[in-house]
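Working notes, beginning with the structure itself.
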Amino acid sequence: MDPIRQAKVEELRRLGTEPFPTEPFPTNTTAAEILRYYPQQKLDFKAVRLAGRLWRKRLMGKASFAVLRDHTGDIQLYFQRDDFAERPELYDTVFKKLLDLGDIIGVEGFVFTTKTGEITVHVQRFRLLAKCLHALPIEKETEEKTYAAFTDPELRYRMRYVDLIVHPRVREIFVRRTAIVQAIRDFFNARGYLEVETPILQTIYGGAFARPFTTHLHALDLPLFLRISNELFLKRLIVGGFPAVYEFSKDFRNEGIDRYHNPEFTQVELYVAYQDYLWMMELVEQLLETVAQKAVGSTVVEYAGQTIDFAAPYRRVRYFDALKEAVGQDVRALSERELLALVQKYELPVPEPPYEAIDLIALLFDKLVEPKLIQPTFVLDYPEALSPLAKKHRSEPGVVERFELIVGGKELANAYSELNDPFDQRQRLERQAALREAGGLEAMPMDEDFLRALEYGLPPTAGLGLGIDRLTMLLCNAPSIQEVLFFPLLRPQSG
RNA sequence: GUCCCCAUAGCUCAGCGGUAGAGCAGCGGAUUCUUAAUCCGCGGGCCGCAGGUUCGAAUCCUGCUGGGGACACCA
């Protein structure tokens, strides 16, 4: 805490100004509203009440200017000593000396235009609403120079409230994030899909490949997992007869942290009965085109120095065709030894054993194909071994009806014609169980109740998972996932 | 988990073996139309932490802590 500001709290109380008053201060306008409507005189500006942070002070003798920043923007304030003739200390001491930049104040007065043409509130009464006890890193910008920016990422993330106070652009990212979520919700609701909630605490985790967080329920003396996915629960609901369900799902994965990964992140998952992955591709195209248009105002966005267009339709390429394009041959024809040679040829790190041919194929795809797909691209018909929850392809052996949508070189969405054959599903999960036996930490555990649900009959279903954080990054041109999470995970400060 | 980079005033940074610096913010004064207000004056620091080298360390070395980037992992 700033000791000077602390001392001002005492001084204010001595002068009869409570720095944290109980009384509310209802406002009747905002900075943006005044700036927008005053020139047209569309509203009465003779008795405005607005509140916000004191942002700048330009003190002179008997009259001074200040700037108030509220949630809509900045507006200039004008104070005159003559207006406080009964209690001149309100101007001379409280306003000029005891109010600091960052203090939350409420003002009342009338709007006028200064000689230099700036719309300004002539303050007749003001009240301190909450004292700010820390110096605020307020930026000053001109065409030539920028003073005192608050740029240290660690400080910005640890004290996001300060980041938000100081950087309107950060606020805009999060407003847009909410607009994105809302646009998706509207899109799904317009089609009659039902928004649902499923458990975050799960006794068996599944639906993705990842190490889970574990916890414990004392009441039942039961180990529990935080969900890595909600897929298996949403499919149970389709079994139960809902024709289409979706959920915005905070998922938790006990994996590495980097520019694209936070231990907790958000996906929206959607399951629609009687449809397949081809239908889902068209839905995703429509969805993203609509969301970009609504949240950004355009389907074309700048991301990491590139221009990306979300207008439908998107390029489609089959998994093995894309890989063939990259390495010049069909990797399905290669032995494990030949695949290994290919991995080494491209100077990719050979995975830790135990690994199988399919792991080498996935490695080649992830390193040689995915990063090059900048424009929205559907990669379809994945190898079966990589997709234990997807239905076998209707005509091509060895692959499943699955697509990933790659944008900006990263996976944005993942979808299947869902596997609804309980016999096939059991075999696939048994293979996963074998991988776990062999030390595969991310392989899926067996889930007998999910299999029983499939045995009751899952209609043919199209399923989708779409990364909300990644989509927000793309639509906000945010370079890291931390920029689109209010409170990204950081190691706690020691000492 | 590995490698590289960073850590100096509230904020943004300079200084890189010889007394700790600037701008913005702050404090005191002047100022009734300023808007990066201006003018005069002033204070502010365990130079991330702990060791080491040296006559002398913010500066060189080692370790630790925190952060950033890359890799690995996360198909």
Side-chain angles (χ1 to χ4, degrees), chain A residues 1-5 7-8 55-67 74-83 91 96-97 100-102 112-120 122 132-159 162 166 208-211 228 251 253-263 265 319 348-352 355-356 358-367 369-370 379 382-383 385-388 402 404 410-411 414 440-443 479-480 482 488 490-495:
Chain A
M1 225 181 331
D2 176 359
I4 293 170
R5 292 191 181 210
K8 287 177 179 178
W55 207 244
R56 292 191 204 293
K57 288 165 83 177
R58 294 187 278 276
L59 300 182
M60 294 176 294
K62 295 174 186 166
S64 296
F65 290 93
V67 172
D74 295 351
I75 187 149
Q76 181 164 265
L77 305 177
Y78 180 65
F79 290 77
Q80 269 191 0
R81 184 190 284 155
D82 297 347
D83 292 317
Y91 175 81
K96 283 181 85 168
K97 292 185 190 284
D100 289 301
L101 303 192
F112 75 110
T113 305
T114 63
K115 285 177 190 167
T116 51
E118 177 148 357
I119 295 167
T120 300
H122 185 126
C132 175
L133 292 166
H134 292 270
L136 223 44
I138 290 178
E139 293 185 351
K140 278 196 171 182
E141 274 188 55
T142 64
E143 280 106 35
E144 313 102 65
K145 278 190 198 172
T146 299
Y147 295 101
F150 187 63
T151 55
D152 184 326
E154 178 177 2
L155 291 178
R156 288 183 49 230
Y157 303 148
R158 282 198 199 284
M159 296 192 286
V162 176
V166 167
F209 296 108
R211 297 173 66 180
I228 60 172
D251 294 340
R253 296 186 182 174
N254 208 335
E255 310 277 1
I257 300 175
D258 65 20
R259 225 144 56 83
Y260 301 95
H261 299 85
N262 193 67
F265 66 105
Y319 187 92
L348 300 174
V350 176
E352 299 280 323
Y355 61 83
E356 301 177 0
I358 190 61
D359 298 312
L360 298 175
I361 290 172
L363 178 68
L364 289 166
F365 184 88
D366 292 347
K367 299 300 177 194
V369 179
E370 200 169 282
V379 175
Y382 274 63
L386 295 177
S387 318
R402 170 185 181 182
E404 285 197 0
K410 288 278 168 188
E411 173 191 346
N414 182 20
L441 291 168
E442 280 101 26
S480 79
Q482 294 170 308
L490 295 183
R491 204 182 286 272
Q493 276 167 308
S494 59

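Order of the sequence lines sets the chain letters (A, B, ...), proteins ahead of strands, with each chain counted from 1. This structure is a prediction, so every number in the text was calculated from the model and none was measured.
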Item to check | Trace of the salt bridge (charged side-chain N to carboxylate O under 4.0 Å, His left out) decision for A/Glu404 with A/Arg402 | outcome: CA-CA 7 Å; A/Glu404 285 197 0; A/Arg402 170 185 181 182; 2.8 Å; yes

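- Comparing B/rG26, B/rG67, B/rC33 against the side chain of A/Arg158 picks out B/rG67 as the nearest.
- In this structure, A/Lys57 places its NZ atom 12 Å from C1' of B/rA25, rounding to the nearest Å.
- Atom CG of A/Asp152 is separated from atom P of B/rG67 by 11 Å (rounded to the nearest Å).
- Using a 4.0 Å heavy-atom cutoff across all strands shown, A/Ala362 reaches no nucleic acid atom at all.
- When the P atom of B/rA36 is taken as reference, atom CZ of A/Arg58 falls 7 Å away, rounded to whole Å.
- Across B/rG68, B/rU32, B/rC11, the shortest atom-to-atom separation from the side chain of A/Gln482 is found for B/rG68.
- In this structure, the side chains of A/Thr114 and A/Thr120 come closer than 4.5 Å at one or more pairs of heavy atoms.
- Listed nucleotides: B/rU12, B/rG67, B/rG10. Nearest to the side chain of A/Thr151: B/rU12.
- For the P atoms, the distance from B/rC64 to B/rC5 is 15 Å, rounded to whole Å.
- Within the 4.0 Å cut-off from OP1 or OP2 of B/rG29, at least one side-chain nitrogen or oxygen of A/Lys97 is found.
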Item to check | Check against salt bridge (charged side-chain N to carboxylate O under 4.0 Å, His left out), A/Lys8 and A/Asp100 | outcome: CA-CA 9 Å; A/Lys8 287 177 179 178; A/Asp100 289 301; 2.5 Å; yes

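- Nucleotides of RNA chain B nearest to A/Ala208 and A/Ala66 differ in position, and the one nearer the 5' end is that of A/Ala66.
- Looking at A/Ser64, its side chain has no donor and acceptor atom pair within 3.5 Å of the base of B/rU31.
- Picking from B/rC33, B/rG67, B/rA72 the nucleotide with the shortest atom distance to the side chain of A/Pro349 gives B/rA72.
- Remark: A/Lys410 qualifies as a cation-pi partner of A/Tyr260 under the 6.0 Å distance and 45° angle criteria applied to the six-membered ring.
- Residue-level contact check: A/Leu101 touches the backbone only, with heavy atoms under 4.0 Å from sugar-phosphate atoms and none from bases.
- Under the 4.5 Å side-chain criterion, counting only non-hydrogen atoms from C-beta, A/Arg253 is in contact with A/Phe265.
- Between B/rC47 and B/rG21, the two P atoms lie 14 Å apart (nearest whole Å).
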Distances under 3.5 Å only, N/O to N/O: pair up the protein atoms with those of nucleotides 40-46 of chain B.
none

Checklist entry - Taking it one step at a time, do A/Leu348 and A/Leu364 satisfy side-chain contact (heavy atoms from CB on, under 4.5 Å)? => result CA-CA 8 Å; A/Leu348 300 174; A/Leu364 289 166; 3.9 Å; yes

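- Ranking B/rG68, B/rC33, B/rU31 by closeness to the A/Phe112 side chain, first place goes to B/rC33.
- In this structure B/rA30 sits in a base pair with B/rU38, meeting the Watson-Crick or G-U test at under 3.5 Å.
- Checked by distance alone, A/Glu118 brings no side-chain donor or acceptor within 3.5 Å of a matching partner on the base of B/rU34.
- Sequence order on RNA chain B of the closest nucleotides to A/Val67 and A/Lys96 puts A/Lys96 first from the 5' end.
- For B/rG23, the paired nucleotide is B/rC11, the pair qualifying as Watson-Crick or G-U wobble because both relevant distances are below 3.5 Å.
- Nucleotide B/rG43 forms a pair with no other nucleotide shown, judged by Watson-Crick or G-U wobble geometry with both contacts under 3.5 Å.
- Here, B/rC6 and B/rC60 have their P atoms 10 Å apart, quoted to the whole Å.
- B/rA9 and B/rG48 are spaced 8 Å apart, taking the P atom of each and rounding to whole Å.
- B/rU31 atom P lies 8 Å from atom NZ of A/Lys62, rounded to whole Å.
- In a base pair of the Watson-Crick type (N1 to N3 plus N6-O4 or O6-N4) or a G-U wobble (N1-O2 and O6-N3), with each distance short of 3.5 Å, B/rG56 is matched with no nucleotide.
- At whole-Å resolution of the value, CG in A/Leu155 and P in B/rC6 are 18 Å apart.
- For A/Leu490, the listed nucleotide lying nearest its side chain is B/rG68; candidates were B/rU34, B/rG68, B/rC74.
- Put simply, the side chain of A/Tyr319 reaches to within 4.5 Å of the side chain of A/Ile361, judged on heavy atoms.
- Within the shown strands, B/rU62 is the pairing partner of B/rA50 under the Watson-Crick or G-U definition, both distances less than 3.5 Å.
- Note on A/Asp100: only backbone sugar-phosphate atoms sit closer than 4.0 angstrom, heavy atoms only; bases stay farther off.
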Next on the checklist: Determine whether A/Val162 and A/Phe150 satisfy the following criterion, side-chain contact (heavy atoms from CB on, under 4.5 Å), listing intermediate values before the conclusion.
Outcome noted: CA-CA 9 Å; A/Val162 176; A/Phe150 187 63; 3.8 Å; yes

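- Atom CG of A/Leu348 is separated from atom P of B/rA70 by 18 Å (rounded to the nearest Å).
- In this structure, the side chains of A/Arg58 and A/Gln76 come closer than 4.5 Å at one or more pairs of heavy atoms.
- Of the candidate nucleotides B/rG68, B/rA37, B/rC11, B/rA37 has the atom nearest to the side chain of A/Arg56.
- Within 3.5 Å, a donor on the side chain of A/Tyr78 pairs with an acceptor on the base of B/rU32, or the reverse.
- Looking at the side chain of A/Ile4, the nearest of the listed nucleotides B/rU34, B/rC27, B/rU32 is B/rC27.
- With B/rA25, B/rG67, B/rU34 as the candidates, the nucleotide lying closest to the side chain of A/Arg491 is B/rG67.
- If you check B/rU2 for Watson-Crick or wobble pairing at under 3.5 angstrom, you find it paired to B/rA70.
- One P atom belongs to B/rC24, the other to B/rA20, and the distance between them is 24 Å to the nearest Å.
- Closest to the side chain of A/Arg259, from the set B/rG69, B/rC74, B/rU32, is B/rG69.
- Rounded to whole Å, the separation between the C1' atoms of B/rG29 and B/rU8 comes to 31 Å.
- To the nearest angstrom, C1' of B/rC24 lies 14 Å from CH2 of A/Trp55.
- Remark: P of B/rG69 and CD of A/Glu154 are 12 Å apart, rounded to the nearest angstrom.
- Here the side chains of A/His122 and A/Gln80 are in contact, with some heavy-atom distance below 4.5 Å.
- Atom CZ of A/Arg81 is surrounded by more than 12 heavy atoms from other residues, nucleotides or ligands within 6.0 Å.
- B/rU12 and B/rA30: their C1' atoms are spaced 30 Å apart (whole Å).
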